[in-house]
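Below is one structure; the comments refer to it alone.
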Amino acid sequence: MTLGVRAVVYDRYGPPDVLRLEEIDRPVPKDDEVLVRIYATTVTRSDCATRAANASSGLVVSFLSRLYSGLLRPKRRILGSELAGEVEAVGAAVREFAVGDRVSGTSAGRFGAYAEFICMRESAALAHMPASMTFEEAAAVCDGAILALMCLRYADLRKGRRILIYGASGSIGTAGVQLARYFEADVTAVCGAKNVEIVRSLGADRVIDYTREDFTKNGETYDVVFDAVGKLTFRRCSASLRQGGVFLPTDGIENLFLVLLTSRIGDKKVAFAIPPRFTKKDVLFLKGLIEAGKYRAVIDRSYPLEDVIAATRYVETERKTGNVVLTVN
Ligand SMILES: NC(=O)c1ccc[n+]([C@@H]2O[C@H](COP(=O)([O-])OP(=O)(O)OC[C@H]3O[C@@H](n4cnc5c(N)ncnc54)[C@H](OP(=O)(O)O)[C@@H]3O)[C@@H](O)[C@H]2O)c1
């Protein structure tokens, strides 16, 4: 007999209201898998882009997105990648986790976290939850932080290196500020007025309010410009890069071409960390930072799972501060 559990599913690409609650069979873990009872997940920009898969982001982007997620309709019916919860059952070969363990991580491109239960491989990007974090906080750690980490690995950050983080108030941005600070770089963060204080509290050495000052016109230069929100172009910020500097985008298909071009011409480079890779090693690295008091998840709003459409609409405003959580169970 199969047990029915709740999940948010979608069967066609489209606006947020293609999402709906449905009862599905409770998944059963294979030998190398754990079954996690999810208490919190998040709505990310990746969830939204995958669900929309629309031509407004450009035909090439839409095609590439569908190549991965299903050309005509979604191959995976359940979105959501970040999660925190409790191990409900383990497969016969699982050694790292036991029933009752509190865990958090990300299923990344496999999705499946907008649900009461998920099966994940023991070797996936999953670890014991950081001590003293709530499920909501733990769920909001991995996506933005691992994406930021992947980008910053191209930046050779260390004491004395100057980085400017544009869009420092988003999920990737709030993570980027804290990680750059951890790597002892000199951090200038750019965000809107309402987020200046929170971004400063994350460790930025200075914060520029983009509604009052254009960082490309103030004469300052940086070793690294990290566009954590996908709103800058290499062309626009090139004069703000020092000789040998690097531009790190998070969006924009044209940046793939610029990676190739700048590897051959000029001494300012573009480095684009795609496709993203989410590993257990990185989840454990972040757990270490959190437990050492050097990283925290920034949460803007929480919604119950059944309000996923409202949560998604909010994320699609592109104005959230940090992360948006869905509470489950
Ligand atoms: N490379 C990958 O694999 C990958 C994966 C996932 C997402 N992404 C991309 O990464 C980017 C960031 O995702 P995210 O989830 O971190 O973003 P997000 O949380 O949705 O970013 C929202 C924040 O960006 C700020 N913002 C909006 N417009 C801005 C502008 N013109 N200038 C400066 N700040 C602005 C908003 O602050 P204000 O309200 O104050 O403007 C808000 O706090 C997106 O472009 C997304 O598509 C890439």
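When a ligand or atom number is given, it counts from 1 through the structure's own listing order. Not measured: the values here are computed from a predicted model.
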Taking 4.0 angstrom as the limit and counting only heavy atoms of [X], give me the atoms of ligand 1 inside it, by number and element.
{"X": "I274", "value": "1 (N)"}
{"X": "G322", "value": "19 (O)"}
{"X": "I172", "value": "10 (O), 12 (C), 13 (O), 16 (O)"}
{"X": "G192", "value": "40 (O)"}

- [ ] Scan residues 265-274 for pairs that pass side-chain hydrogen bond (donor to acceptor under 3.5 Å, both in side chains), counting only residues two or more places apart or in two chains.
- [x]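 Of all non-adjacent pairs touching residues 265-274, none passes side-chain hydrogen bond (donor to acceptor under 3.5 Å, both in side chains).
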Quick one: does [X]'s side chain get under 4.5 Å of [Y]'s, heavy atoms only?
{"X": "T250", "Y": "F226", "value": "yes"}
{"X": "V283", "Y": "L126", "value": "no"}
{"X": "K320", "Y": "S171", "value": "yes"}
{"X": "I146", "Y": "P276", "value": "no"}
{"X": "D307", "Y": "Y314", "value": "no"}
{"X": "Q243", "Y": "T221", "value": "no"}
{"X": "L71", "Y": "F63", "value": "yes"}

I need the contact type for [X] against ligand 1. Using non-hydrogen atoms and a strict under-4.0 Å cut-off, is it side chain, backbone, both or neither?
{"X": "A273", "answer": "neither"}
{"X": "N323", "answer": "neither"}
{"X": "D143", "answer": "neither"}
{"X": "E318", "answer": "backbone"}
{"X": "T250", "answer": "both"}
{"X": "T44", "answer": "neither"}

Give the residue, atom name and distance (to 0.1 Å) of the protein heavy atom nearest [atom].
{"atom": "atom 7 (C) of ligand 1", "answer": "S46 OG, 4.1 Å"}
{"atom": "atom 31 (N) of ligand 1", "answer": "K231 CG, 3.7 Å"}
{"atom": "atom 28 (N) of ligand 1", "answer": "R319 NH2, 3.4 Å"}
{"atom": "atom 20 (O) of ligand 1", "answer": "R45 NH1, 2.8 Å"}
{"atom": "atom 32 (N) of ligand 1", "answer": "Y166 OH, 2.8 Å"}
{"atom": "atom 12 (C) of ligand 1", "answer": "A228 O, 3.0 Å"}
{"atom": "atom 24 (O) of ligand 1", "answer": "V229 CG2, 3.2 Å"}

Any N or O on [X] sitting closer than 3.5 Å to an N or O of ligand 1?
{"X": "K320", "result": "yes"}
{"X": "S169", "result": "yes"}
{"X": "D251", "result": "yes"}
{"X": "G167", "result": "no"}

Task: Selected option - heavy-atom contact closest to atom 33 (C) of ligand 1, from F272, Y210, Y314 - done: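 The residue whose heavy atom sits nearest atom 33 (C) of ligand 1 is Y210.
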TODO: Check each of D209, N195, L147, D227 against atom 2 (C) of ligand 1 and report the one with the nearest heavy atom.
DONE: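 The nearest heavy atom belongs to L147.
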Task: Point-to-point distance, once rounded to the nearest 0.5 Å, from OG1 of T327 to CG of L305 - done: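 Result: 8.0 Å between the selected atoms.
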Task: No-hydrogen, no-angle side-chain donor-acceptor test under 3.5 Å, D143 and T106 - done: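 D143 vs T106: no donor-acceptor pair found between side chains.
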Task: Donor on one side chain, acceptor on other, Y13 and S69, under 3.5 Å - done: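 Yes, S69 and Y13 have a side-chain donor paired with an acceptor closer than 3.5 Å.
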Open item on the list: Looking at ligand 1, would P276 count as a contact under a 4.0 Å heavy-atom criterion?
Closed with: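 In this structure, P276 qualifies as a contact of ligand 1 - some heavy atom is under 4.0 Å.
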TODO: State whether the side chain of S81 and the backbone N or O of F111 hold a donor-acceptor pair below 3.5 Å, judged by distance alone.
DONE: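 No: the side chain of S81 does not pair with the backbone of F111.
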Task: Mutual orientation of the aromatic rings belonging to Y210 and Y166 [parallel < 30°, tilted 30-60°, perpendicular > 60°] - done: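 Aromatic pair Y210/Y166 classed tilted.
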TODO: Give the intermediate values and the outcome of side chain to side chain contact (heavy atoms under 4.5 Å, CB included) for residues K194 and T321.
DONE: CA-CA 9 Å; K194 76 175 193 289; T321 303; 4.1 Å; yes
